[in-house]
Structure formats: structure tokens, C-alpha cells
Enquirer: 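The structure follows.
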Amino acid sequence: MAQETNDQNQSLREAALHFHRYPKPGKLEISPTKPLGNQRDLALAYSPGVAAPCEEIAADPDTASLYTSRGNLVAVISNGTAVLGLGSIGALASKPVMEGKGVLFKKFAGIDVFDIEVDETDPAKFVEVVAPLEPTFGGINLEDIKAPDCFEIEEKLRARMSIPVFHDDQHGTAIIVAAAVLNGLELAKKKIEDVKIVTSGAGAAAIACLNLLISLGAKRENIWVTDREGVVTMARKPEVDRWRGSFAQDTDAESLADLMPDADIFIGLSAAGVLKPDMLKQMAKDPLIMALANPTPEIMPELAREARPDAMICTGRSDYPNQVNNVLCFPFIFRGALDAGATAINEEMKMAAVRAIARLAHEPVLEAAATGETASFGPDYLIPSPFDQRLILEIAPAVAKAAMESGVAKRPIEDFGAYHDRLNRFVFRSGMVMKPIITKAQSDPKRVAFADGEDERVLRATQVLLEEGIARPILIGRPAVIESRIERFALNLTPGKDFEVINPEDDPRYREYVSLFHSLVGRSGVTPDTARTIVRTNTTVIGALAVKRDEADALICGLQGRYIKHVRDIKSIIGLAPQATDVSALSLLILPRGAFFFSDTYVTIDPSADEIVGIALQAREHLKRFNLEARIALMSYSNFGSRDGESAYKMREAYQKLKAIDPNMVVEGEMQGDLALNQQLRERYIPDTVLQGEANLMIFPNLEAANLTMTIVKEMTNALPVGPILMGTERPAHILAPSVTSRGIVNMTAVAVSEANERYVEID
């Protein structure tokens, strides 16, 4: 068992090093937001044009947010003295973490980041380095700085700087903990001013948690703190820092065990295993246990549940309910603060975030991403998931309002309805589009046959699929080749244990496969001898037969050979879905601007109006799997009858038929690409258009237009492609593009598994 864990850790280490190094080192880059395509652009961007905004800012410093990126730019700053679980590794070694923090800011809230690693451990000197950076940034996020230095640094920077200064290790954790406490106490029918709170750990996060709970009504005399030396008592007060000393109690208690009787809340931010089952048995009724040490908590939830079945339990881990993860709040707190032009993140703003998070847990969310069941407020749902797409919609406006009401907002938001709409559009621009699909797959991993089981990309994807619990892989290929390549690529995979192998050269089911295949295609000119040859040599056929025989739930193929030939094999073996007249392909591109779907990108050369209708309806159903409402644009060279022609007529007819099928469908056309993405242009033709904002599903009149548009956009924008998704098959089967990466294979496998899960729900 220990060896298996070591192998997994080594595998993860190798994968992480590869991830950070390729295709270019690091996780962040700077990209211009304005064109520099000619001499005039250069004159506007730099000399002499740049003088104009400089003069405006000199006259009114607040206009910097109008003319520069400052209003959306945060500095993530560290000296590397308390990094993750690594300790004091130094400023330079902390850089990957700071870049990672920048990625989270961008991904979850659209905030740009410069990471700054300061090689200075003296708090006073550190402050002197950071404070003069104020003109550059709209906010400062302090990260991984040891206590008590972090308290002093934040305190002094807040006093000197007129922009938000936020030590996330303290306040991010505190905000989520406080939200869980409010909801836990509500369920337990207890009042915050009455409860006894015991902590294990007295570092930055623990002290911030306690201070915020006091702001919410907890009594200081009901709070008991322990650190490495034992209970923080009045006798020890002279030897501890003033922040820890403020919680010193006049008591003879010496250990955590001495404090646990009748405790209502345990907050652990310390070390693995320090909370024992016997201690839990002495706690008050319906206790709240927050065991937040990572990766191993103060007590494992299974042990805690066994000792106290009535307990509510939170951890810092993603594999248990109630995960306390800072990403649940810090991007959205900064989003609201920056948008309101806040000069600080004060107690009122933090408490607004606490209450927004707590309130969100009360609102049921259909976990279409998971089991199709509704997550509802209760002991296992005290706080939302860090990937809940509604977080930005709740936290950012609440924080902005609190900034305005507390008098620190320099750019008050005038129209919160319009602000909410802007945030809502961002939700689906943030790269979280795949999350519902992956979560749904993880809820019930299915068997997926990979026709190209010997390919390096499939093998690397297999490792990820197993580590992430997305699928149960079945690799089609020669066992000796697969094993040698696993060894060559230093992967932690064991055939027969981690995945099943179908050997095309020697599988005991060969004759059964041949018999089934011939029964399906024998009247299409395939002789028994030909059938035997095909089943021995065509791995797509083998995978499709495995799916047909219920030995696999889905098929992934296409790394070799022509796309349309794979389509033929899948149709002849797996067949069409009951309501489908043919298959078609849907391609997704995830860009910084948003998620856009294109169809039919690979199959039907010149679809009829009825086929266009079928493609649009199938694609609309697929978007629901991504938790997206389809906003359909029927593409053409014509804008609402501006030009005649065969394809324009076809798209007009398709529009009429779609509206007849569902008058409430959000569909518009026929129209050119700019109108599909630009509402103002669209309204010049159709003022009452039902399509608001940008279309996210573009249906093309023919294969040529769809494929060319999709591939050009992909290459020009460096978009993340997902697909093509093959629509219309009886069972999930997808044909990958030969250029797909291992990451793309993982994404498409998640799509296939999510489809298979839906199919099983329908059957049940």
C-alpha cells in the first residue's frame, strides 16, 4: 500500500513538472488588449498618443482605471516564508504557487495578475518594497507569508495604501469558515454568542477565523486556542505575539483534550491526527468539526462520523463534502472590490462575503454536473462547491454593495442589474465550461473503450482519467506494446489492474465479435472472411463491438484513419439513436471570450433544411449537459433576407421550422458571423431579436463553412478545443481529430461518460 502511494506521488510529481514546463515554461503570460497592426495604432499606443491619457491621469488620478489596466490588476506578493505545506522555501521557489494563484484569479473572476516574489524576510523592509507599488495595482493579495510577520505586514500596508490589501491565507479561509459556522449553527439551532469554540493551531488563518467570528457575534471569553506548546493561557501571554495573546484565557487547562468537553465548534488549522475520537465524544450536541489541515486533516471524516454521528464535518479536501477552499471566495471578493473602486477590503465587505456564501448554500442547485439530484442545505451541504458557477454572481455584488455602504467605494456601481448581467456573461467565459461534464462523469465512472490504446496520448490520458476518477479505461492494443510504452513514458499504470486490455491479435472473444459483426454488415457486401480480417485489424470496429455487446459503455477512436470511415463503422455497429435520422458533429472552442459551439463540423457535406433542424435540436440537448442554454445562430452570407441563394433559403426555412417546433427557442437567423456575436449590429436588422448577447451555438449551412470557420478560429485564437462530439448515435461514440492532445482525450472521455450516465438513468 505504501509503495502504491509512493508510486502515485511520483507519478503526480512527474506530471506536474511536465505540466509546468511544456509547451512553454510557467502558467502566465502577458497579452496585449489593443491592436498594433499599423503605424497609427503604434502612434496611439505609444508616442505621441499615449501622452493624452497620461495628462488625464495626472489631472485626475481616479481616471487611471479608465485608461489603464490598473482597475483590473492585482499583485500576488510573497516572500516564500510559509508556502503550502512546504514551509519557508524562499521567494524564488514560491513563484510557481504565485503564478498558480494568478491563474485562479483569471479563471474564476477575469482578474489580471502580476506575481511578485520579494526576497526579503524582514517585515519592515518588505513593507517598504510593496507600499510604493500602489500606482501599478488595483489591489494587493499577500500570499504564503509566515505568522506573525503577515499580521504586521498587512496592518502596515493597509495603513499606507489606498487600495485593497488582503492576506488570503488569513481572510479567505476565515470567510469560508465563518459561512460554514453560520449555517452549522442554524442547523444545530444554536446562537453564535453562546457557543464554545476550540481551535487547534494559532497561525494566521486561525487567528483571522476567530477575529471574523467575533465580528459576527462570538464572545472572546468562549474561544479557546491551542498551539504547538499547548493552551494559550494568561501565564503564556508574555511569550506569544500580541495577536495570539489576545485570545489568552485564565485557565489551568494544558492540552486540546482538556478543552474539548462541551465544545460546540472545533476549528483545526494545525496537523494531521491531533483530534482523537475520544475528544469528539465529549463535545456538545450536534458539533461542528472543521478539520482543515491538508492533505490529512486533524481527524478523518470517517472516524469523526463513527465517534459522533450527529457531527457536521468540514475539511480542506475535495473528496469530502463541505470543502473549505479559498478559491470559493477570494477571486470574487477582489472582483467586487475592484469593480467598485474600493480603497480597502474592510470588515463590512468580508462579512458581506460570509453572508453571501452562507445564503447561497440555502439555494438548491441542480447538480446536472453530478447525479441529476438536487444538492440541498444540510449537514453535508453547509457551503457551496468551489466550482459553483453562482458564486461570482452572489459574492461580487454583495462585496461591492458593502464597499459602497461603508464608504470605501470610489466608483460606486449605479446599475446592479446591468452589473449582474455582466457577471453572468463572465460565468461562461471563465473556462469552467467543462466542470459540469467532468463532475457528472466522476459521479459514476463508466467503461470507455479506446481504439488507439497504444498511442502515447491515450496512455497519458488514461493515467489522468484514473487519477481523477473520470472513467474505467479499456485499451485496445497489443499488450507488449502497451507495457513497453508505459515504461518508456514513466507512467504509473498496470495492465489488468488499472485498465482492461483487448488484444486485437489474440482475444478469446474474437469469434463472437466476428459473428456479431457479420450479422450486422453481412448484407452490406461483407463476407465472413472479410469480417474476420476487419475484426482482427480495425480497432474502431473492435471498440464498437465491445460497446454493442455491453462490454463497454462508450467508445473513443479516430487518432488514425479518415473521420468518415470511423463514422461508417460506428453507424453500422452501434447504430443511430431512436429519434435520429443521421449523425452529425458538434465542436466546442473555449476562448477567453467565451465558449462557442459549431455544427456540423465533420459529417454532413450539404445538409437539407430538415437536417439543419435536426442538427440544431441535437446540439441544443448537448449544451444542456454543459449547463448552458443554447443561443442559436443560423449562419449564412445573408442577413435576414438581404441576399438570395440556395443556402440562404435553406437557413430561412430551417429558422421557420425550428420556431414552429418550439416558439420559445432562442434562435435567430439567417445571418452573418458579426451579427451572431454583436447584438447592436443584429438589432439594426431585427430590433426585437430574441437572441440577446452573443450566440453560443452556430449552425452552418454546409460542412465546408462549419469546418473552415471552426479550424481557423481555433488556430488563430489558440482556443481549447473539445470535440468533435458525435451526435445521434445509439450509444456514446466519439471520433477524435488526429491533432488532439492528451488533455483533449480526457475532456472527450468525460463527455462520453456523462452521456453514458444519462443513458443509464433513462433506462432505469
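Numbers for residues simply follow the sequence, beginning at 1. Please read these numbers as outputs of a predicted model, since none were measured by experiment. Computed from heavy atoms alone, side chains included, the values below leave out hydrogens, waters and symmetry copies.
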Enquirer: Which heavy atom of Q249 sits nearest to which heavy atom of I223, and what is that distance?
Expert: NE2-O, 2.9 Å
Enquirer: Find out whether L157 and E154 are in side-chain contact, i.e. whether some heavy atom of one side chain is under 4.5 Å from a heavy atom of the other.
Expert: no
Enquirer: Taking the side chain as everything from C-beta on, heavy atoms only, tell me whether E99 gets closer than 4.5 Å to V103.
Expert: no
Enquirer: Assess whether salt bridge (charged side-chain N to carboxylate O under 4.0 Å, His left out) is satisfied between R317 and D319, documenting all intermediate values.
Expert: CA-CA 6 Å; R317 293 170 55 132; D319 52 347; 2.7 Å; yes
Enquirer: Is there a side-chain contact between N211 and W243 (heavy atoms, below 4.5 Å)?
Expert: no
Enquirer: Pick out which of D168, D144, D115 makes a side-chain hydrogen bond (donor to acceptor under 3.5 Å, both in side chains) with K101.
Expert: D168
Enquirer: Indicate the atoms forming the closest heavy-atom contact of V177 with V324, along with that distance.
Expert: CG2-CG1, 4.3 Å
Enquirer: Are I299 and F266 close enough, and set up right, to give a side chain to side chain contact (heavy atoms under 4.5 Å, CB included), and what steps lead you there?
Expert: CA-CA 11 Å; I299 187 168; F266 169 80; 6.0 Å; no
Enquirer: Under 3.5 Å, is there a donor-acceptor pair linking the side chains of S69 and N72?
Expert: no
Enquirer: If you measure from CE on M290 to CD1 on I313, what distance do you get to the nearest 0.5 Å?
Expert: 11.5 Å
Enquirer: Any salt bridge linking R160 with E128? Criterion: basic side-chain nitrogen under 4.0 Å from a carboxylate oxygen.
Expert: yes
Enquirer: Can you name the closest pair of heavy atoms from C150 and I145 and give their distance?
Expert: CB-O, 3.5 Å
Enquirer: Any side-chain heavy atom of F330 sitting closer than 4.5 Å to one from F108?
Expert: no
Enquirer: Would you say N222 and D264 make side-chain contact, with heavy atoms under 4.5 Å?
Expert: no
Enquirer: Would you call D241-K146 a salt bridge at under 4.0 Å N-O?
Expert: no
Enquirer: Quick one: sort the F166 and H171 rings into parallel, tilted or perpendicular, breaks at 30° and 60°.
Expert: tilted
Enquirer: Using distance alone, with no hydrogens and no angle criterion, decide if N322 and T315 have a side-chain donor and acceptor under 3.5 Å apart.
Expert: no
Enquirer: Kindly give the heavy-atom pair with the smallest separation between N294 and G316, and that separation in Å.
Expert: ND2-O, 3.1 Å
Enquirer: When you compare the side chain of V97 with that of S78, does any pair of heavy atoms fall below 4.5 Å?
Expert: no
Enquirer: So, do L73 and T68 sit near enough that their side-chain heavy atoms are less than 4.5 Å apart?
Expert: no
Enquirer: Side chains of E229 and V240, heavy atoms from C-beta outward: is any pair under 4.5 Å?
Expert: no
Enquirer: Would you name the heavy atoms of F334 and I140 that are closest together and state the gap between them?
Expert: CZ-O, 3.6 Å
Enquirer: Please determine if E347 and K350 form a salt bridge, counting it only when a charged side-chain N lies under 4.0 Å from a carboxylate O.
Expert: yes
Enquirer: Which residue in the set V195, I265, I267, L182 passes side-chain contact (heavy atoms from CB on, under 4.5 Å) when paired with L213?
Expert: I267
Enquirer: Looking at every heavy atom in both M283 and L288, which two are closest together, and how far apart are they?
Expert: CE-O, 4.4 Å
Enquirer: Yes or no on side chain to side chain contact (heavy atoms under 4.5 Å, CB included) for K106 and I111, after CA distance, side-chain angles and deciding distance?
Expert: CA-CA 5 Å; K106 188 67 174 180; I111 295 171; over 6 Å; no
